[in-house]
Amino acid sequence: MDQLSQHGSAVVADLSQRYGLSQDAVRAMMDAVSRGGGTQAQFSVPELGGMGQWSSGGMTMVGDMFNSNLQALVSNLCGEISNAYFNGSFYAPRPVQAQMQGGGQWQGQGNGVSMSFSGGNWWPQELGSPSSSGSQNNLSYAIFPGSRRLAVNLNGQVTVYDTLDHMIGGVGQQQSGDASWTFTSQYGTVYLNQLPVVSGQGQGQAPVQQEPSWTSAPQPAPQPAPRPEPAPQPMQQQAGSGDVFGALEKLGQLRDMGVLTEDEFQSKKADLLARL
C-alpha cells in the first residue's frame, strides 16, 4: 500500500471524523476514487454496505440497494474525495534508490527509470518543491500547481510545461513517445503534447495548438432573417379599385344633379366600398 502524502493524511482524518467512518474505510474509498481517475470508483467496504460503485454526475450503487441514506452518504463522500483528488496527490512519492558519485552527481534508479542529475532534484530549482512526483517506465514527472507547471524527464530530456487551468492528478500510460503520455485533470484526460512548452525540449518551436476536447467550436453569429417582400396585389384587384372610385365619382355627380337621393347615394356608396 502506498504511503499517504501530507495532503492525503489530512483528507483521511477530516472525512473520517465528519462522516463517522473508520480511517481504513475512508482510505479504501480514496484508493478506489484514485484508481478511477477521480471521476468514478468501484469498491468493497463492509462499513459502506459491501460492494458498490460511484460515478461523478451519475448513479451511485451500494450493496444495500434500498438504503437511500447509505447511498447519499457514499455519493457525498466520493464527491468530496474527488474534489480533494484534483487538489493534490493522496500519496507520497515512491522512494528512489540513489548513491553519491564523484563531483556531486547522483545516480538514481526507481520504478524502471535510470537517470543522473545533480543537487538531488532533476527538475529546475526555481520551481521549488512539487505537490507530487513520480516515475513510470522511462518518464519521471513533478507537478507544481502553485506556478501551474509540470516538469517531465523523458529519457533524460527535461521539459517544463504550462498546465494552464488543469489541476493535474496523475500519470497515464505510454504507448510510443511523449505524445502518448497522458495525465488526468478535472477535465478528464490531458495529453502531454497538448500543453504549451515553457522550457526544455521543444523550446523555440511553436507548440502545436490543439483544441481540448471540452472546448466547443465557436458558433456562427446569427444572421437576421430577410424581411419578406410585400406580395404584389393581383391585377384584377388593382383594376377593381379604380372602377370603384370611378363609380363613386359618378354617383356623386348623379346625387348633385338630383337624380339620386342622399339615401340612395349612401346605399350605393356602401355597396361599392364593400368591394375593396
Side-chain angles (χ1 to χ4, degrees), residues 2 5 7-8 32-41 55-58 78-79 81-91 93-94 110-115 117 121-220:
D2 292 334
S5 65
H7 172 64
V33 172
S34 296
R35 289 192 299 269
T39 60
Q40 57 185 353
S55 177
S56 178
C78 289
I81 292 175
S82 175
N83 292 334
Y85 173 86
F86 290 113
N87 287 328
S89 175
F90 290 153
Y91 311 106
R94 293 181 180 179
N111 292 337
V113 60
S114 179
M115 55 189 174
F117 46 88
N121 295 329
W122 54 263
W123 53 82
Q125 298 303 304
E126 61 268 20
L127 295 178
S129 299
S131 64
S132 62
S133 61
S135 58
Q136 182 174 332
N137 297 332
N138 61 338
L139 176 141
S140 296
Y141 66 94
I143 303 170
F144 304 86
S147 56
R148 302 197 315 178
R149 294 293 183 263
L150 169 66
V152 171
N153 187 316
L154 180 63
N155 295 322
Q157 295 288 338
V158 177
T159 307
V160 178
Y161 297 88
D162 186 343
T163 58
L164 305 176
D165 60 343
H166 295 285
M167 292 186 290
I168 301 297
V171 65
Q173 297 180 348
Q174 182 195 27
Q175 296 176 0
S176 61
D178 66 337
S180 63
W181 280 99
T182 61
F183 292 80
T184 56
S185 80
Q186 73 274 31
Y187 298 119
T189 300
V190 182
Y191 288 90
L192 189 60
N193 65 343
Q194 290 180 332
L195 299 177
V197 175
V198 175
S199 64
Q201 185 179 11
Q203 186 179 16
Q205 301 177 2
V208 178
Q209 297 293 333
Q210 300 185 15
E211 289 293 335
S213 59
W214 59 87
T215 303
S216 59
Q219 298 296 324

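Contact detail for I81 and F90: the closest heavy-atom pair is O-CZ, 3.5 Å. When all heavy atoms are compared, the tightest approach of L195 to Y161 is O-CD2, 3.6 Å. The heavy-atom pair separating S82 from G38 by the smallest distance is OG-O, 2.5 Å.
Sorted by first and then second residue, the pairs that involve residues 153-164 and meet salt bridge (charged side-chain N to carboxylate O under 4.0 Å, His left out), not counting sequence neighbours, are R149-D162.
Remark: T163 engages R148, L150, I168 in a side-chain contact (heavy atoms from CB on, under 4.5 Å) (not counting sequence neighbours). In this structure, the side-chain contact (heavy atoms from CB on, under 4.5 Å) partners of P130, at least two apart in sequence or on a different chain, are W123, S133, A142, F144. Judged as a side-chain hydrogen bond (donor to acceptor under 3.5 Å, both in side chains), and not counting sequence neighbours, the contacts of S34 are Y91.
Checking side-chain atoms of H7 against main-chain N and O of A84 turns up a donor-acceptor pair under 3.5 Å.
Taking CD of E126 as the start and OG of S147 as the end, the distance is 9.5 Å to the nearest 0.5 Å. Here H166 contributes atom NE2 and I143 contributes atom CD1; the two are 12.5 Å apart, rounded to the nearest 0.5 Å.
Residues P124 and V158 have side chains in contact (heavy-atom distance under 4.5 Å, counting atoms from C-beta outward). Looking at heavy atoms from C-beta onward, V198 lies out of side-chain contact with P196 at the 4.5 angstrom threshold.
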